[in-house]
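Shown next, in structure tokens, is the structure this report addresses.
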Amino acid sequence: MEHEDPRNGESTHPCSKKPKIYSKFISEPEIRDEFSHHQPRVARINNGSFGSCPGSVLEAQRQWQLQFLRQPDAFYFNTLRNGITASRKIIKDLINADHVDEVSLVDNVTTAAAIVLQQIGHSFAEGKFQKNDTVLMLYCAFQAVKKSIQAYVTRAGGSVIEVRLPFPVNSEEEIISEFKKSIEKGKSNGRKIRLAIIDHITSMPSVVIPVKELVGICRAEGIEQVFVDAAHAIGSVKIDVKEVGADFYVSNLHKWFFCPPSVAFLYCKKSNVSSDVHHPVVSHEYGNGLPIESAWIGTRDYSSQLVVPAVLEFVNRFEGGIDWIMKRNHDEVVKMGKMLAESWGTNPGSPPKMCAAMMMVGLPSRLCLNSEEDAVRLRSHLRDCYEVEVPIFYQVLKDGEEGVRDKDGFIAGYARISHQVYNTLEDYEKFRDAINRLVEDGKTCKML
Amino acid sequence: MASSLHSQTHTNTMNGTSASAADPQSHISKKPRLHSPPQPLLITPSDILSEFSHHDPSIARINNGSFGCCPSSVLSAQQQLQLQWLQQPDDFYFNQLQSRILQSRNIIKDMINADHVDEVSIVDNATTAAAIVLQQIPWGFAEGRFHPGDAAVMLHCAYGAVKKSVEAYVTRAGGYVLEVPLPFPVNSLDEIVKDFRKALERGKQKGRRVRLAVIDHVTSMPSVVIPVKELVRICREEGVDQVFVDAAHGIGCVDVDMKQIGADFYTSNLHKWFFCPPSVAFLYCRRSTNNSDLHHPVVSHEYGNGLAIESAWIGTRDYSAQLVVPKVLEFINRFEGGIDGIKKRNHEAIVEMGEMLVKAWGTHLGCPPEMCSSMVMVGLASCLGISSDQDALKLRTYLRDKFGVEVPIYYRAPKDGEVGPVTGYARISYQVYNKVDDYYKFRDAINQLVHNAFTCASLPN
């Protein structure tokens with residue numbers, strides 16, 4: 001066929017070796033092939049931590065890297081900026097932002113958090129905020145974000161409120177009501193809440209948070225800035241940043257959106273604050289707006305930021321594109337979660353509508369998982385002896401809290417299972433059988 | 001014009017092989033000597049061609065200084081590491097990443113004569129290192145340790161990105177910034193030392209306290225090797241709190257000995273002159289300095305565990321460029337004299353090329369040979385009419401697009417009273433992949449432009 005199939009690539013791409021001709025939609029063998037670089041024997045049910053990248057996108061990335069190495073000066077002057085802008089435009093459309101100026105590309109959510117929090121830190125230092133003005137975050141916020149708050153807020157004299165959400169959780173209403181209560185408590189003593197950081201999908205334990213409602217509550221309570229940490233969101237849940245209504249919204253593209261490590265977008269709604277947000281690695285473009293600053297932070301490999309068009313191509317090889325992928329991942333992870341919980345006699349950590357492509361599944365109490373160390377031990381044991389890669393969460397019970405029981409005792413451990421397009425039923429059966437084996441053998445975590 | 005470069009022996013020297021290897025009767029020298037360990041096989045000119053075969057062959061790439069270069073054997077090693085991560089990232093994260101970063105840090109520690117590996121952090125580039133060092137300043141003001149009017153000192157020709165960083169972190173926090181102008185063209189080290197001391201004394205006149213001095217080891221544009229050891233000593237004498245040496249071009253280009261130089265902080269890119277892929281740099285922080293407050297601005301789980309540990313995990317990313325340092329050392333040691341041999345031959349070659357060009361064009365070098373490293377500034381004919389930074393950039397683009405020559409151009413504004421000065425200088429670099437022809441191509445391009453009465457004014461905006 002002579003005519004150009006638009007799925008074979010745009011003119012901004014460096015020449016690939018031969019034009020790819022695809023059959024109508026991607027087939028099962030083709031998916032297997034795309035992820036054939038994954039270690040074959042491992043039941044890789046932890047897409048949530050480090051994501052995944054198909055072979056065709058890795059190849060596109062290599063082409064970009066080669067182009068830079070071939071003639072870096074020409075690449076820097078003529079190619080790089082346009083390539084980044086093309087990626088930003090795609091993301092702007094995916095997340096329903098108003099303007100591409102609102103979309104910056106950074107390495108990861110950790111970097112985005114530093115960007116937003118540095119600005120808060122400046123406000124304390126420059127007297128815009130008073131000592132003891134407050135930042136609000138979830139108790140289960142990602143550890144790196146908590147440290148960032150320590151580094152930029154606490155150090156500058158700000159105080160922190162942690163909102164403890166219930167887990168296991170049964171409904172969105174539980175989350176909303178707990179959140180409201182915490183804000184009220186936080187505002188007692190006349191403290192002003194300057195920033196709220198809300199996860200869209202919490203990491204450990206993983207639950208989909210009703211962010212739109214929580215942002216609404218924040219506005220109603222007069223909280224000036226809201227930052228949504230949506231590390232897991234893009235490719236996992238539908239994103240509409242205008243609907244969500246936050247000032248800052250960030251998500252990693254290498255987790256659920258098939259980009260190579262690493263790239264994230266940071267959406268900054270246009271406001272008085274957004275012009276004062278800077279990349280901490282200051283370079284020539286300082287003062288030209290965050291997207292432009294972030295597009296050059298010194299000589300580096302920017303190739304993972306340039307492959308977003310190639311990722312879109314990949315995703316559109318699936319009938320129904322990313323929407324279909326999201327739905328499929330959700331349906332499968334729920335199914336697998338139920339299968340595991342039934343086999344072990346335990347419970348899921350949240351109802352299906354509060355999961356995306358990850359689910360928390362209770363582990364049998366007979367494993368006696370009673371500490372963080374136990375969770376780490378179990379995870380390593382599963383990796384080393386059963387070739388199962390899955391993160392384990394230890395649930396610390398609040399004073400007076402009873403916790404969920406199975407037939408043998410209290411459930412304090414949960415596994416966070418993920419489903420991505422490369423996963424198969426065998427992955428979860430392998431995990432099911434591993435746990436059942438440990439229980440049958442009378443193993444507890446301390447023995448591992 | 002007969003150039004010694006035409007002689008095979010000299011060519012071999014420039015390309016880093018032993019002179020005898022090209023000799024047809026050299027098979028005798030290749031046999032291992034009895035009673036001594038066999039010499040590792042030295043890299044050959046055709047090996048080098050192959051290692052850099054991914055470079056665009058149509059370009060005279062005489063700008064190693066800007067973006068560096070990376071041999072394909074190192075790129076392959078990097079790809080292997082990237083693949084290992086992609087195969088099973090959790091396993092790599094828990095079992096490999098930290099020990100491999102530590103291995104790279106240990107190699108760097110030895111190369112730079114640091115006391116302890118704790119003093120060596122690996123970051124993306126010198127730009128990041130500058131942000132790390134400078135971020136201490138606003139905290140100093142916020143926490144009352146510094147007072148309004150306290151100053152930072154930097155060279156007037158400090159790298160643009162570093163100047164912006166100083167603006168973002170010092171000026172914004174209320175600090176005063178003192179810029180030290182250095183002469184260019186420059187004739188001797190003494191000129192630099194004298195001007196620096198004068199500027200520092202003047203800056204301190206109002207009883208100002210100088211909290212930080214930022215000194216380039218090898219300036220970028222215009223490129224000159226600065227006598228950093230002397231300048232660091234002057235800073236100590238003048239009571240400057242902390243000295244930060246920006247040696248973006250340091251390792252692989254000049255001698256990098258932390259204890260000799262004596263700075264509190266020293267950073268250098270490894271992807272410029274040390275054959276690493278983009279991008280990786282080290283930031284050295286002397287242990288005796290009170291610098292426990294240094295943090296990576298991208299805060300992650302390891303916050304508070306020391307800069308080196310913080311920098312080794314700043315969220316999910318591709319750390320492979322930081323992990324190939326052992327492989328790079330292997331590559332370097334295939335050259336006679338290792339990195340020292342490479343530095344020496346690069347320097348000799350660039351001086352020779354620079355002198356060839358200024359002779360051909362009737363201009364001059366920007367500094368004496370002993371003040372250049374593997375880069376040198378070469379005066380461009382004033383009839384080209386370079387009269388602004390934009391002209392310099394436009395000429396650079398023109399040379400790339402029309403002549404296939406990649407070389408950065410520097411505009412030097414004329415001083416009062418100067419008659420017919422040279423206002424444009426090209427910064428030529430020499431790295432192991434360069435050939436004489438690269439510089440002939442540049443020579444001929446400029447000669448042609450001059451012959452055609454070309455001026456920058458004729459270039460479109």
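Chain naming here is simple, since letters A, B, ... match the order of the sequence lines and numbering starts at 1 in each.
- When each of A:Ser304, A:Ala151, A:Ala112, A:Ala125 is checked for heavy-atom pairs under 4.5 Å with chain B, A:Ala151 comes out on top.
- Contact of B:Asp56 with chain A is made through backbone and side chain together, with heavy-atom distances under 4.5 Å.
- Aromatic ring centres of A:Phe68 and B:Phe67 lie closer together than 6.0 Å.
- Residue with the most contacts toward chain A among B:Glu406, B:His55, B:Glu143, B:Gln79: B:Glu406 (heavy-atom pairs, distance under 4.5 Å).
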Q: List the steps, then state whether side chain to side chain contact (heavy atoms under 4.5 Å, CB included) holds for A:Gln65 with B:Gln78.
A: CA-CA 12 Å; A:Gln65 289 167 334; B:Gln78 185 191 20; 5.9 Å; no
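- Scanning both residues, B:Pro297 and A:Ala114, for their nearest heavy atoms gives O-CB, 3.3 Å.
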Q. Side chain to side chain contact (heavy atoms under 4.5 Å, CB included) between B:Gln84 and A:Gln39: does it pass, once the steps are laid out?
A. CA-CA 9 Å; B:Gln84 273 188 50; A:Gln39 207 172 312; over 6 Å; no
Q. Going through the distances and angles, do B:Ile314 and A:Thr110 end up as a side chain to side chain contact (heavy atoms under 4.5 Å, CB included)?
A. CA-CA 7 Å; B:Ile314 51 172; A:Thr110 304; 5.6 Å; no
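- Contacts with chain A were tallied for B:Ala281, B:Pro57, B:Ala168; B:Ala168 has the most, counting heavy-atom pairs under 4.5 Å.
- Looking only at distances, no side-chain donor or acceptor of A:Asp73 sits under 3.5 Å from a matching main-chain atom of B:Arg61.
- In plain terms, the two heavy atoms of B:Thr316 and A:Ser49 that are nearest each other are OG1-O, 4.3 Å.
- Of the two parts of B:Phe52, neither the backbone nor the side chain holds a non-hydrogen atom closer than 4.5 Å to a non-hydrogen atom of chain A.
- Here the OG-CG distance, from B:Ser320 to A:Asp301, works out to 7.5 Å after rounding to the nearest 0.5 Å.
- No part of A:Phe35 comes within reach of chain B, as not one of its non-hydrogen atoms sits under 4.5 angstrom from that chain.
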Q: Start with the C-alpha distance between B:Gln88 and A:Arg383, add both sets of side-chain angles, then the distance that settles side chain to side chain contact (heavy atoms under 4.5 Å, CB included), and finish with yes or no.
A: CA-CA 11 Å; B:Gln88 218 299 44; A:Arg383 176 187 310 121; 4.1 Å; yes
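- Using a 4.5 Å cut-off between heavy atoms, A:Ala113 makes no contact with chain B at all.
- Ion pair A:Arg44/B:Asp90 not flagged as a salt bridge, since none of the NZ, NE, NH1 or NH2 atoms sits closer than 4.0 Å to an Asp/Glu carboxylate oxygen.
- No side-chain donor-acceptor contact under 3.5 Å links A:Arg155 to the backbone of B:Trp139.
- Note that CG of A:Asp107 is 5.0 Å distant from CZ of B:Arg317, once rounded to the nearest 0.5 Å.
- Only the side chain of A:Tyr76 comes within less than 4.5 Å of a heavy atom of chain B; its backbone N, CA, C and O stay farther away.
- Here the two rings, on B:Tyr159 and A:His284, have centers that are under 6.0 Å apart.
- Contacts of B:Leu75 with chain A are made by side-chain atoms alone, with heavy-atom separations under 4.5 Å and no backbone atom involved.
- Between chain A and the residues B:Thr397, B:Asp124, B:Asn269, B:Leu83, the most heavy-atom pairs under 4.5 angstrom are made by B:Asp124.
- Proximity to chain B (any heavy atom under 4.5 Å) is shown, for A:Gln71, by both the backbone and the side chain.
- Residue contact with chain B, scored on non-hydrogen atoms closer than 4.5 Å, is absent for A:Glu285.
- Scanning both residues, A:Pro261 and B:Trp85, for their nearest heavy atoms gives CG-NE1, 3.7 Å.
- Contacts with chain B were tallied for A:Leu69, A:Asn46, A:Leu66; A:Leu69 has the most, counting heavy-atom pairs under 4.5 Å.
- To the nearest 0.5 angstrom, B:Arg396 atom CZ is 4.0 Å from A:Phe77 atom CZ.
- Pairing each heavy atom of B:Asp91 with each of A:Glu389, the nearest pair is N-OE1, 4.4 Å.
- Heavy-atom distances place both the backbone and the side chain of B:Ala161 under 4.5 Å from chain A.
- Residue A:Phe142 touches chain B through its side chain alone, counting heavy-atom pairs closer than 4.5 Å.
- B:Tyr169 has its ring centre no less than 6.0 Å from the ring centre of A:His278.
- Judged purely by atom type and a 3.5 angstrom limit, B:Tyr303 has no side-chain atom pairing as donor or acceptor with the backbone of A:Gln150.
- Using a 4.5 Å cut-off between heavy atoms, A:Leu58 contacts chain B through its side chain alone, with no backbone atom that close.
- Across all their heavy atoms, B:Thr127 and A:Val282 have their closest contact at CG2-O, 3.2 Å.
- In this structure, the side chains of A:Phe50 and B:Phe92 stay at 4.5 Å or more apart for every pair of heavy atoms.
- Among the candidates B:Gln135, B:Gln87, B:Gln82, the residue making the largest number of heavy-atom pairs closer than 4.5 Å to chain A is B:Gln87.
- Within the 4.5 angstrom heavy-atom criterion, atoms from both the backbone and the side chain of A:Ala156 approach chain B.
- In terms of heavy-atom pairs under 4.5 angstrom with chain B, the leader among A:His122, A:Lys147, A:Arg70 is A:Arg70.
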